[in-house]
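These notes concern the structure reproduced below.
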Amino acid sequence: AQPEWALRLRAVSRHIAALVAQHTREQNRLHAAEGSQTAPRCVVQDLKRSLLSLERRIVKMRREAMALVRSDVEVEQRFRLLTGIPGIAAASAVQILGELVLLAPEMNVRQWVAHSGLDPVHQQSGSSVHKLSRISRAGNRHLRRALYMPALVAVRCDPHLKAFYELLQARHKTKLQAVIAVARKLLHAIHGIFKSRTPYDGNKLFPQLATA
């Protein structure tokens with residue numbers, strides 16, 4: 001049986017993700033209403049109230065999530081290790097932890113990647129024509145989403161992941177393919193730091209890669 005706090009952390013982290021997505025949609029609606037000649041003032045005001053309410057709910061849920069993180073010594077240590085990785089702030093760490101806490105401890109990194117759906121699938125057409133590889137998308141979409149934004153940030157602020165991203169771009173990978181590959185590398189890094197209980201080190205993740 002899974003520990004109750006772990007199930008609760010996953011439920012809270014997924015609820016936060018849903019609220020954040022709702023906030024983004026409402027924000028887009030507000031921008032559209034403010035730029036419209038026909039949107040009544042009452043609609044604009046109502047959207048602003050809705051956004052404020054969502055922001056308060058997100059803050060409250062993040063507090064609940066942090067209380068759950070602090071309720072287990074090992075999970076709190078993992079949270080600290082996660083926030084030591086460039087690109088992963090507290091909010092993303094909660095989302096990632098919410099998805100990883102229920103994985104079996106004996107799973108290896110390849111199983112983590114397969115679980116996330118970030119493993120590349122090579123498409124074939126006929127007997128010999130290879131199409132561009134894509135990710136399987138068969139796994140945990142919540143974990144994929146939780147890793148996507150940190151990957152975007154990491155390629156700007158971590159020299160190792162930036163060099164890796166630029167190398168993929170030089171090999172004619174699309175921007176999306178390169179970001180997905182960075183997300184996959186982040187998952188490798190997380191698996192490594194959880195197993196070793198040591199902080200992130202880009203040199204260990206990319207021993208052969210020269211950084212600027």
Side-chain angles (χ1 to χ4, degrees), residues 2-17 20 58-119 135 139-165 178-209 211:
Q2 302 289 1
E4 190 188 333
W5 62 263
L7 290 164
R8 286 170 66 198
L9 179 59
R10 185 178 67 183
V12 172
S13 72
R14 287 184 180 182
H15 186 55
I16 293 167
V20 169
I58 290 165
V59 167
K60 186 183 176 191
M61 286 297 120
R62 282 182 175 153
R63 274 202 298 265
E64 295 284 346
M66 284 310 301
L68 286 166
V69 166
R70 293 190 191 102
S71 70
D72 184 274
V73 175
E74 177 137 355
V75 173
E76 189 171 17
Q77 183 195 32
R78 288 183 168 199
F79 177 83
R80 284 199 300 270
L81 288 168
L82 270 177
T83 51
I85 298 177
I88 302 182
S92 293
V94 164
Q95 300 302 135
I96 294 165
L97 265 183
E99 299 307 319
L100 296 180
V101 284
L102 290 164
L103 298 189
E106 64 273 10
M107 282 176 74
N108 61 35
V109 72
R110 286 181 70 179
Q111 289 170 316
W112 269 30
V113 170
H115 170 78
S116 72
L118 288 169
D119 47 331
I135 59 169
N140 183 333
R141 71 181 190 279
H142 301 283
L143 182 54
R144 278 201 304 281
R145 284 176 188 159
L147 288 164
Y148 185 74
M149 195 54 72
L152 281 178
V153 178
V155 298
R156 294 199 303 269
C157 65
D158 178 68
H160 302 90
L161 289 164
K162 185 183 180 194
F164 175 63
Y165 176 80
V179 171
I180 294 297
V182 170
R184 193 159 54 240
K185 278 289 183 187
L186 279 176
L187 202 51
H188 276 260
I190 294 163
H191 190 275
I193 65 174
F194 281 7
K195 288 288 179 191
S196 65
R197 297 171 191 257
T198 55
Y200 169 78
D201 179 358
N203 291 313
K204 285 183 185 171
L205 193 61
F206 299 104
Q208 272 85 46
L209 196 61
T211 58

Q. Do you know which two heavy atoms are closest between Leu102 and Ala6, and how far apart they sit?
A. CD2-CB, 3.7 Å
**Q.** Minimum-distance pair of heavy atoms, taken over all atoms of His115 and Leu103
**A.** NE2-CD2, 3.5 Å
Q) Charged N to carboxylate O below 4.0 Å: is that the case for Glu64 and Lys60? A) no
Q | Where Ala154 and Pro86 come nearest, the two heavy atoms and their spacing | A | CB-O, 3.6 Å
Q | Close side-chain approach of Phe164 to Leu205, heavy-atom, < 4.5 Å | A | no
Q | Leu68 side, atom CG; Leu97 side, atom CG - distance, nearest 0.5 Å | A | 11.0 Å
Q: Kindly determine whether Leu187 and Val109 satisfy side chain to side chain contact (heavy atoms under 4.5 Å, CB included), including the steps that lead there.
A: CA-CA 8 Å; Leu187 202 51; Val109 72; 5.7 Å; no
(Q) Determine whether Val94 and Arg62 satisfy the following criterion, side chain to side chain contact (heavy atoms under 4.5 Å, CB included), listing intermediate values before the conclusion. (A) CA-CA 8 Å; Val94 164; Arg62 282 182 175 153; 5.9 Å; no
Q: Using a strict cut-off of less than 4.0 Å between a Lys/Arg side-chain nitrogen and an Asp/Glu carboxylate oxygen, indicate whether Arg144 and Glu99 qualify as a salt bridge.
A: no
(Q) Is it the case that the side chain of Glu76 and the backbone of Val73 share a donor-acceptor pair, with hydrogens and angles ignored and the cut-off at 3.5 Å? (A) no
Q: For Tyr200 and Leu81, run side chain to side chain contact (heavy atoms under 4.5 Å, CB included): C-alpha distance rounded to whole Å, both residues' side-chain angles, the deciding distance at 0.1 Å, then the answer.
A: CA-CA 7 Å; Tyr200 169 78; Leu81 288 168; over 6 Å; no
Q: Decide side chain to side chain contact (heavy atoms under 4.5 Å, CB included) for Thr198 and Lys204; before the verdict, give the C-alpha distance in whole Å, the side-chain angles of both, and the deciding distance to 0.1 Å.
A: CA-CA 11 Å; Thr198 55; Lys204 285 183 185 171; 4.3 Å; yes
(Q) Just to verify, what does His191 make a ring-ring contact (aromatic ring centres under 6.0 Å, His included) with, not counting sequence neighbours? (A) Trp112
Q: Kindly check if the number of other-residue, nucleotide or ligand heavy atoms within 6.0 Å of CE (Met149) is above 12?
A: no
Q) CD1/Ile96 to CD1/Ile190 distance, rounded to the nearest 0.5 angstrom? A) 4.5 Å
(Q) Any side-chain to backbone donor/acceptor pair from Ser116 onto Val113? Under 3.5 Å, distance only. (A) yes
Q | Shortest non-hydrogen separation from Ala183 to Ala151 and the atoms involved | A | N-CB, 3.8 Å
Q. Can you tell me how far CE of Met66 sits from CG of Leu9, rounded to the nearest 0.5 angstrom?
A. 9.5 Å
Q. What are the two closest non-hydrogen atoms of Pro150 and Ile88, and how far apart are they?
A. CB-CG1, 3.8 Å
**Q.** Rounded distance (nearest 0.5 Å) linking atom CD of Gln77 with atom CD1 of Ile193
**A.** 9.5 Å
(Q) Can you tell me how far apart NE2 (His15) and CE (Met61) are? Round to the nearest 0.5 Å. (A) 5.0 Å
Q | Lys195 atom NZ, over 12 foreign heavy atoms within 6.0 Å | A | yes
Q: Report yes if some heavy atom in the side chain of Leu186 is under 4.5 Å from a heavy atom in the side chain of Ile85; otherwise report no.
A: yes
Q: Measure the spacing between CG of Leu161 and CG of Leu152 and express it to the nearest 0.5 Å.
A: 12.0 Å
Q.
Please find the pair of heavy atoms, one from Asp201 and one from Asn203, that lie closest to each other, and give the distance.
A. OD1-N, 3.0 Å
